[in-house]
Amino acid sequence: MARKGYVEIDTEGCKGCNLCVLHCPTDVLELKTSDTNSYGLHYAVMVNEEACNGCMNCSLVCPDAAITVYRQAS
Amino acid sequence: MARKGYVEIDTEGCKGCNLCVLHCPTDVLELKTSDTNSYGLHYAVMVNEEACNGCMNCSLVCPDAAITVYRQAS
Amino acid sequence: MTAREGYKVVAKRPSTLLDKRMHYCPGCFHSTVHKLMMELVEEMEIQDKIVGVCPVGCSVFAYEYMNIDMQEAAHGRAAAVATGVKRMLPDKLVFSYQGDGDLAAIGTAETIHACNRGENFTFIFINNGIYGMTGGQMAPTTLEGQRTSTSPYGRDVAKVGYPLRMAEMVANFEGVAYSQRVTCTNPAETRRCKRAIKKAFEMQMKGLGTTFIEVASNCPSGWKCTPEESVTWIEDKMLPYFPLGVFKDVTKKEKKAEA
Amino acid sequence: MTAREGYKVVAKRPSTLLDKRMHYCPGCFHSTVHKLMMELVEEMEIQDKIVGVCPVGCSVFAYEYMNIDMQEAAHGRAAAVATGVKRMLPDKLVFSYQGDGDLAAIGTAETIHACNRGENFTFIFINNGIYGMTGGQMAPTTLEGQRTSTSPYGRDVAKVGYPLRMAEMVANFEGVAYSQRVTCTNPAETRRCKRAIKKAFEMQMKGLGTTFIEVASNCPSGWKCTPEESVTWIEDKMLPYFPLGVFKDVTKKEKKAEA
Amino acid sequence: MLQEMVFAGFGGQGVLSMGKLLAYAAMKEGREISWMPSYGPEMRGGTANCVVNISDERIASPVGSMFDVAVVLNLPSLHKFESVVKPGGVLIWESSTIKEPPTRTDINVHALPAIEKASNELKNVKVMNMLVLGALVGIMDIVKKESLIVALEDTLPKRHHKLIPLNEKAIELGMSLVSSGA
Amino acid sequence: MLQEMVFAGFGGQGVLSMGKLLAYAAMKEGREISWMPSYGPEMRGGTANCVVNISDERIASPVGSMFDVAVVLNLPSLHKFESVVKPGGVLIWESSTIKEPPTRTDINVHALPAIEKASNELKNVKVMNMLVLGALVGIMDIVKKESLIVALEDTLPKRHHKLIPLNEKAIELGMSLVSSGA
Amino acid sequence: MSADVRFMKGNEAIAEAAIRAGLQGYFGYPITPQSEIVEYLAIEEPKHDYVLLQAESEVASANMVYGGAAAGARVMTSTSSPGFSLMQEGVSYIACAQLPCLFVNVARGGPGLGTIQASQGDYFQAVKGGGHGDYRLIVLAPNSVQEMVDYCILGFELADQYRTPALVLTDGSIGQMMEKVVLPPPIAYKPNKPWATTGKPQDRERNAITSLYIESEEMEAVNNELQAKYKAISENEVRYEGYNLDDAEVVLVAYGVTSRVCRKVVDLGRDNGMKVGLLRPQTLWPYPTAAISELADESRVKLFMSVEMSAGQMVEDVRLAVEGRKPVHFYGRTGGIIPTPEEIINAIKAQL
Amino acid sequence: MSADVRFMKGNEAIAEAAIRAGLQGYFGYPITPQSEIVEYLAIEEPKHDYVLLQAESEVASANMVYGGAAAGARVMTSTSSPGFSLMQEGVSYIACAQLPCLFVNVARGGPGLGTIQASQGDYFQAVKGGGHGDYRLIVLAPNSVQEMVDYCILGFELADQYRTPALVLTDGSIGQMMEKVVLPPPIAYKPNKPWATTGKPQDRERNAITSLYIESEEMEAVNNELQAKYKAISENEVRYEGYNLDDAEVVLVAYGVTSRVCRKVVDLGRDNGMKVGLLRPQTLWPYPTAAISELADESRVKLFMSVEMSAGQMVEDVRLAVEGRKPVHFYGRTGGIIPTPEEIINAIKAQL
Ligand SMILES: Cc1ncc(C[n+]2csc(CCOP(=O)(O)OP(=O)(O)O)c2C)c(N)n1
Ligand SMILES: Cc1ncc(C[n+]2csc(CCOP(=O)(O)OP(=O)(O)O)c2C)c(N)n1
Ligand code: SF4
Ligand code: SF4
Ligand code: SF4
Ligand code: SF4
Ligand code: SF4
Ligand code: SF4
Ligand SMILES: [Mg+2]
Ligand SMILES: [Mg+2]
């Protein structure tokens, strides 16, 4: 049975590099191109939350340490 | 038949390093320890001229290019 | 942030990374490596034992982000500065953090001699094949044919030589205990990168000699591409010339010798 | 001097060596190499084509002896100076003549980068394992345990690292076309030394890249021994660590490729 | 007369080239000009700006502390430059993304939804800076539109000349937006 | 009173240590001293020299251009220093190897066959410099012989103390050579 | 050919000027705020004959310049403050070996790594000699993009004429700014350097380029030769510009970008009834000492003020010229801040 | 412990003094005429706790000193003229980062490779700043082997006190000569450097040593801080020595070895009825400007003469102090030649 997880993204800290999107195995994330943070940058958001398994790939590759990963306590 | 040769040593240019003496295959040369040149150094002289075969070992190793080698024209 | 019920935090920003937005461009691996290093400082509980030296290069401000004692060195001199630190504080864990211009161009002599002396500190070498900070000039590690602002028609190896492979070069010195090239192009490599740094720190603490971690890194701004494209470029262009791997590991040798 | 009747001169001081007493200590190979080089200039008839760069070191005065156009470079910068010369005069034959302190300590970066760029000049590298000119301090090539004025208890490799093998190191660079270590300990080796320099000059004239001749040399004064003892020391102590031989020869490779 | 102008926004919004183009156009009209960029370590989503001086006489200082005109395309720039517009001067701000409008009343403030207009009406947000430039010359008549076109022709590499019509359209749209009082 | 002295010869003849020893001995006698070597790139059969000043007062310049005493052990040194002995001063020259004697008549010239005497009478040419020093103090009474011995004891490493008697003999021989008018 | 008018950055302009002056070799290492010089040369390289080489460091650059200059070529390097510090040994060698070449220092704020913004804090280093020994550089201080062109060419010419290195000392503001420039046509550069090491032909002695004179007497002779040359340069090559000096009671002294600000101060001052004038040294060495000294003799002159982007360096040369005859004040900003006309006016008022 | 009297070379004495001052790290590269410093330390090393490292170059030495000083240790390097030129970037960094440490320049004759004989041609480099930006070194100028000891210790102490690098500027003659010295007992050195980077404990903020202040305002603030410190040093740390100044009509100004010659000149002059006096700066920066200025106000003083082993460097500081009130002359020799008392006397006579 797949683990369950979710992430929180610091939208001001996110720089919209898209690397988390690229490396999420379950396509949970996407850049929100319709908005920018106060630095004028798009930021990542969860668009497919259910699919998140808390694998931490996104937080690992996030250069700016903008992602907190939560996982269902087993 | 052995070649015949002889050498001329520039006694002022010689620094008495003894390398020619060391490398002469036929022991033609020696440092003249009883005298010094104007730099206060002993210099090399031929002591066994007949044995010289003009092999040029001495001139080759002489750091200070102080040796002229002559060989019997064949 | 409190976790939702039934959930717990499994990954978060390390406490040793200061709460400050890093100035690096989006997707730049300088940030990634900073983060990994500070995770290690947290995990290994070495905040009071570690002293870092940052270079002149994009990472010149590393001390603004890493919550550890740090010194900012002159361009190319991080290895000399780290030597000064380590020789005065032999019990501390010392690292120099350097770019390719810094370590392999202006700092060549300092790098080579620190490695040859086996200075017991860790090099973190960010090889992004370009001078990021000054606007994308050619570096000693710029690839053949790669365009930069000072090689606008592509690096001409006939005129300026081939890119230098530093991890391989330093592995030749007796004084070097560990040399590895890693990258951060995906989660697995990122994990490997972190492990490599950890291993280097541990070896340093054992006093085994110079440890050298080269990160095949990116520079989306200097390369004039997106972060994603930079990942592809590393994989397709850099890694064939700068292969990943361990080029020296004296602990392995020892094991062999024992066996 | 006129020859006795029936005799002819077969070896004499080359005309290209100025008629001036060299300041080198008795038995110093600096003199020997100067002589060999000037013989080559005479034999190859290249006096008008050659430009030399001498270092700061005992050979700082080389221009007082070699009857060719020469420049005296700052300590360690002979490779940079030679680069400047060769790039401005690509059709001339350019060499840098350097000691081990000059080439392998203070000049490390310039050496490495000139070699890596494949600068098309010839390095004549006099490795005597010591700083001769300044009175016998430790050099990057001083042997393990060797006593010098700055390693009075013998070189401690744990503290200052192992001696650098430059001929081997530079052979790793693509830009280097030829790298050989020679010596002048006896007539045969002296001949080989001369041939090596000749080969380097010829390869340079063909534009093949950097050519590097390391001479395992002596320093009777710095080593505090006689010239004869210095020869023995080279044979017994230096050559085992600094083996003679060709470490790179692109003309050989080419031949292989053709075959 | 000396006109001191500052152009500011995010790196990538084209503020530097906007200033350059204006200065070049003014030079073509025979005026004295200077252009001075902010410069820093490669910046990285930060803000960029440039100061353009246009004058009939030799220009003294290439930088100034107070400006006749400020063109700001993001919030940090608005914060930085609103206060240094000379009383009676002009402030143009990008109103489709900046959410906090300027507050000064002693200057002529022009809100310009340049990003929105460029995306929607020109289908190309990149020419937003030309639109702003059009608005500026619409408001202040610093240089002639034709000079801007000449400037584009002279400074764009030949292979990009096909973009000139689009740029011209952007300039015109900008001019029209301010003449229509938007 | 200030005494300015120069010692010169081939490198290896021990001129520097001769000067040092004298200066040290004088220091031990409570006088002000300075010792200044010629220095150069490692020299290589060249000549070396040192200037020793001994005085009752603080010493001004550690080098001078004219000397009260010159001790020369080879021909180049004789050429260099003969002319800079002050009128009435002392010149000691090594007469067994220098083939051209000095020519000045306004100074006190002492020929000393030091090399020959050291080789023949002491069987050790290395202590030639001590012999010369002995001659110098024999002529001029700059320091006491005992002070020279103390100086040797203080400055020679312990393992070389066995050589002190030979050095003392050399000093004495030097003294006797000049007292006997050689 | 009609005048070649361009709109250029100071850094680009100096690069283009060097090309037109017949540049044969450029050796340099990137550093902000001057990297556009090498970048411009890199782009233009295929169209011309010069050699461009990005060196491994500034230490290497300076010594490549040494080699190239000694080989008789027209060569240059450029850098910014920390990089110029690294070149000091090389500069001293080049000065002593009497090699003509051009250095460009597009200065930034120090000390240390400092800031990359413009500064005049390297004045001492440039004019007193940051390297060891008694030597001088001809130091030219442009205050506009046009002068970046003019002084680059002048620098090369003077360097050749006197066989001595020249330095264009400018700063980040002038390097980075764009202005109109009129470019001169390219020079057909034909070096005449019989002393250069180009390979010894039969018919001349070998040439040896060196700065080593182990004997004190020789070294002193070389120093005397250098000093004689420096004297000749001091007599012939002083360049400065006056602005409203004829009736000035307050004499501002400023160079480079601050001299432009000071022009504005002069105008502003006069609008306010203050008789302000400006003396702008165009050569920082040789310094317009005599011109300042003459002004100090004028009874109408009340005070001098040296305006600098430093903590007070050139003011010493002003004082040396004035020799106590009039008060000499200093106004300066550091860290990359260009002083405003208003603050300078206030500084003057405070002294009146 | 009775006084420790020795007969030592200047170079050995400064090395021994450093050990007694609590030296923790020496980083240096050999160069004549100062190599005895490192050689002495090499011999003594086993008996003490300091680290001695022969660096790969002077550039590296200076930056090892940076690292060691920033780590809170008492560290030094020594070199001679060309080597000190190579250190200029590092010196500027160290000054800006406010790191206490000691430099020693046993100067030789330049420019370029020059001669290895003694010289005072590095005065400008030492006191005006050979590196970039506005900074100062505390510059101490010993004139005897004893003062090599005293100023080495003083240099370390002042460096710590003001968190700034100190420089002992001496020359080959003093480095090479042997004299009697009285050595002080070793100091029990306990550094108190809370700013040092020694590993961040829980209870303080991290320490960061830097010279980078990218924002102009910050950089200016740092410069102001430096200048305030330099002002304090100028007020408190000027050191000089007078000899027969009370009634002097001719004031010689000389430092280092030339000051010893000038002492003789004073005596000789007085023997000949000339009222000569000597002012010897012991600190070259801060300079005894006020003391000279006071002398310039004395009506009996007829002239000043700066006597140097250079082409005329310190004379500028004398002029800056005298400000035209009295003539200031210069007498100098270069290339390693120490002027004789006689020639100086003649030079004075020529001006009277
Ligand atoms: C002495 C000196 N030379 C040059 C510079 C300019 N400079 C700053 S960073 C840099 C190179 C940066 O490249 P790299 O080391 O690869 O670091 P990156 O920015 O790519 O991480 C240069 C040349 C300087 N600050 N100091
Ligand atoms: C910048 C600088 N640093 C140091 C020196 C002093 N120095 C002169 S030669 C030399 C080293 C000589 O050793 P090496 O290069 O091995 O040449 P060798 O004399 O042994 O032939 C040194 C350190 C110098 N002249 N310049
Ligand atoms: S934790 Fe894993 S699954 Fe969840 S968003 Fe991150 S990468 Fe995707
Ligand atoms: S990896 Fe981090 S910075 Fe990049 S888009 Fe995702 S959250 Fe943002
Ligand atoms: S030529 Fe040969 S045989 Fe004759 S002396 Fe020389 S080495 Fe001996
Ligand atoms: S090799 Fe030459 S210098 Fe040496 S002893 Fe023989 S002749 Fe003399
Ligand atoms: S310029 Fe390149 S290396 Fe520097 S922060 Fe940006 S992406 Fe990273
Ligand atoms: S010191 Fe050594 S290297 Fe120098 S000349 Fe003498 S023997 Fe040769
Ligand atoms: Mg890089
Ligand atoms: Mg050597």
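Each chain gets a letter, A, B and so on, in the order the sequences are listed, and its residues count up from 1.
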Report task. Verify the neighbour count for atom CG of H/Asp49: are there more than 12 heavy atoms of other residues, nucleotides or ligands below 6.0 Å? Result -> no

Rounding to 0.5 Å, atoms CG (H/Leu41) and OG1 (D/Thr150) come to a distance of 11.0 Å

When the 4.5 angstrom heavy-atom criterion is applied to H/Leu86 and chain D, the contacting part is side chain

Taking every heavy atom of D/Ile106 against every heavy atom of H/Ser57, the minimum-distance pair comes out as CG1-CB, 3.6 Å

Rounded to the nearest 0.5 Å, the CD atom of H/Gln54 sits from the OG atom of D/Ser149 at a distance of 8.0 Å

When every non-hydrogen atom of H/Tyr29 is compared with those of D/Ala105, the smallest separation belongs to OH-CB, 3.9 Å

Of D/Glu72, D/His75, D/Gln137, D/Lys159, the largest count of non-hydrogen pairs under 4.5 angstrom with chain H goes to D/Gln137

Here the gap from H/Ile116 atom CD1 to D/Met133 atom CE, rounded to the nearest 0.5 Å, amounts to 7.0 Å

Under 4.5 Å to a heavy atom of chain D? For H/Ile43 that would be both

Correct closest heavy-atom pair for D/Tyr153 and H/Ala42 would be CE1-O, 3.4 Å

query = Does atom NZ of H/Lys193 have more than 12 heavy-atom neighbours from other groups under 6.0 Å away?
reply = yes

Okay, H/Glu45 and chain D: the region with an atom under 4.5 Å from a heavy atom over there is side chain

